[in-house]
Amino acid sequence: VRMIDYCKQDVEVERAVHNRLGDLPARELAIWKLDQVMNARGITVDCNLADKVIDRVEAAKTLLNDEVSELSDGVITRPTQAKRIIEWLGQRGIETDDLTAETVKRLLSEHDDPDVQQMLLARQNGAGVATGKYVRAKAMQMLDGRVRGNLRYHGATTGRWAGSGLQIQNLPRGNVSDTDSLAELFLEGKDVDEVAGNVFMAAKSAVRPMLTASEGMELVVLDYASIEARVLAAIAEEHSLVEQFRSGEDIYCSFASEVFGRTVTKADKKERMVGKVGILGLGYGMGANKFQATLKDWAGMTVTLAFAQNVVDRYREKYPNIPAYWYGLEGDAIDCMMGREGDENKWHKEGRALCYTLPSGRIIRYQNARIGEGKFGNPAIHYQRPLGKQMVRSDTYGGKLCENVVQAVARDLLCDALLDAEKTGMRLLATIHDEIIAESSNPSETLKDLSAIMRKTKPWAAGIPVDVEGFTSFRYKK
């Protein structure tokens with residue numbers, strides 16, 4: 001009886017949720033159905049490769065365990081035991097509060113004692129070792145060799161997909177560019193240290209090539225190139241940047257030339273990287289401190305705070321409509337909350353939700369929105385968002401609102417292409433961020449056709465300078 005009552009209550013809750021939310025709009029229903037189709041198709045995984053990688057990693061971990069145990073007279077049994085290693089280092093006059101990758105790298109450069117070097121290298125190589133993706137792939141693989149249920153529809157506020165199952169939205173990049181050859185080395189039992197440095201780095205790089213096409217087919221992978229920067233240029237009406245994208249100009253070199261006061265070409269790799277991080281990172285209000293840290297994180301480059309501030313200033317001076325868009329977006333949102341929305345305001349209220357109408361007509365919502373105090377004492381939008389299984393309150397600002405809108409627009413472009421590609425009979429498998437993955441027995445033709453579909457935008461997106469880049473391969477790669 002209790003179970004029956006419990007089920008009845010579930011039905012009542014589901015009915016109440018439906019009455020509150022209503023039906024999915026027709027276009028979103030079509031996207032959800034396609035999501036289900038892609039999840040049902042799944043993607044083939046090479047569990048033979050997974051087995052080889054797991055075996056090699058476990059053997060190497062055993063050697064590392066023996067190594068740290070011998071160095072510490074059995075006190076430390078695994079390189080993952082950070083607290084014990086910190087204590088061991090302390091006994092040798094080396095004080096540290098943590099053993100993050102950055103800290104270990106610094107300590108290695110500062111101390112030349114052979115035992116300390118050996119312990120730190122063991123920590124560096126073994127601390128982040130995980131075969132979780134391989135183990136999960138083997139557990140999820142069905143009789144036909146495929147892993148299914150890898151996508152979660154509308155997993156983010158912007159409407160983008162989130163990962164599920166094998167979590168293909170979060171695959172490690174690794175340090176090996178030719179991952180096809182790396183996979184063959186693992187399968188043939190050959191040495192991988194020469195190409196990756198060690199078996200642990202090799203294992204990290206071999207996750208992507210574990211995903212493959214079906215027998216007799218190849219994967220067709222196409223990605224929207226620099227899509228967020230392109231969308232931002234269009235919706236902020238930064239026409240000079242739009243034209244630079246349309247003309248095929250190297251935007252990163254162009255902006256780097258502005259920063260360094262001279263012509264920067266692709267041969268100037270470090271300078272171009274500053275331009276790339278600037279174009280891709282500064283569009284949402286990033287300040288000098290964050291830019292300095294991002295340059296370090298993305299490119300391993302160390303610059304002064306003054307240099308970082310100069311790059312931020314140059315970006316905002318060169319593309320003034322972009323910061324103007326942040327402030328306009330935030331101002332309009334606050335006006336809407338205060339009941340002052342005008343005819344041109346794309347914000348509106350639905351009950352307690354603050355809503356923004358995207359160029360496609362889709363709406364993104366900020367639940368239980370209210371005006372509160374921002375970080376600098378200014379009025380700011382506060383709203384509720386999901387975090388795990390709970391709802392938490394967050395505040396936002398113009399740059400963050402801009403990021404939400406840009407990513408939502410990029411998602412709508414992707415969905416248009418997915419729906420059009422599915423209508424042609426293409427065998428779509430998944431989407432990862434701004435990338436579409438299909439498989440085909442005629443990969444060259446499918447690559448050409450899918451590229452044309454992705455480049456052809458709907459009328460609502462006519463001003464966005466879209467471009468795509470991609471490849472065909474039996475194994476997945478970046």
task: Decide whether Asp412 and Trp460 meet the rule of one side-chain donor and one side-chain acceptor closer than 3.5 Å.
output: no

message: My understanding is that only one of Glu28, Lys33, Gln36 makes a side chain to side chain donor-acceptor pair (under 3.5 Å) with Tyr153; could you say which?
response: Glu28

- prompt: Are Asn404 and Thr157 close enough that some pair of their side-chain heavy atoms sits under 4.5 Å apart?
  reply: no

query: Can you find a pair of side-chain heavy atoms, one from Asp332 and one from Lys346, that are under 4.5 Å apart?
result: no

query: Around Gln390, counting heavy atoms of other residues, nucleotides and ligands shown, do more than 12 lie under 6.0 Å from its CD?
result: no

message: When you compare the side chains of Gln9 and Asp5, does any donor N or O come within less than 3.5 Å of an acceptor on the partner?
response: no

query: Do Thr212 and Arg475 have a side chain donor and acceptor closer than 3.5 Å?
result: no

- prompt: Pick one: which of Arg27, Lys423, Lys456, Lys458 meets salt bridge (Lys or Arg N to Asp or Glu O under 4.0 Å) with Asp416?
  reply: Arg27

Pairing of Arg160 and Asp434 as salt bridge, 4.0 angstrom limit: yes

task: Kindly check if the number of other-residue, nucleotide or ligand heavy atoms within 6.0 Å of CZ (Arg352) is above 12?
output: no

query: Quick one: do Glu12 and Arg15 make a salt bridge, cutoff under 4.0 Å?
result: yes

field: Ionic contact status for Lys477 with Glu435, cut-off 4.0 Å
entry: no

field: Side chains of Thr396 and Tyr366, donor plus acceptor under 3.5 Å
entry: no

For residues 232-242, which side-chain donor-acceptor pairs fall under 3.5 Å, sequence neighbours excluded?
unit_1, atom_1, unit_2, atom_2, d
Glu238, OE1, Asn321, N, 2.8

query: With Phe307, which residues qualify under ring-ring contact (aromatic ring centres under 6.0 Å, His included), at least two apart?
result: Phe260

- line: Across all chains, not counting sequence neighbours, the ring-ring contact (aromatic ring centres under 6.0 Å, His included) partners of Tyr327 are none

task: Kindly assign one of parallel, tilted or perpendicular to the pair Tyr319 and Phe255, based on the angle between their ring planes and the thresholds 30° and 60°.
output: tilted

Polar side chain donor-acceptor pair, Thr446 to Arg427, under 3.5 angstrom: no

- prompt: Can you tell me if Thr179 and Arg208 form a side-chain donor-acceptor pair at under 3.5 Å?
  reply: no

query: Does some side-chain heavy atom of Leu429 sit less than 4.5 Å from a side-chain heavy atom of Leu219?
result: yes

field: Cationic N near anionic O, under 4.0 Å, Lys276 to Asp250
entry: no

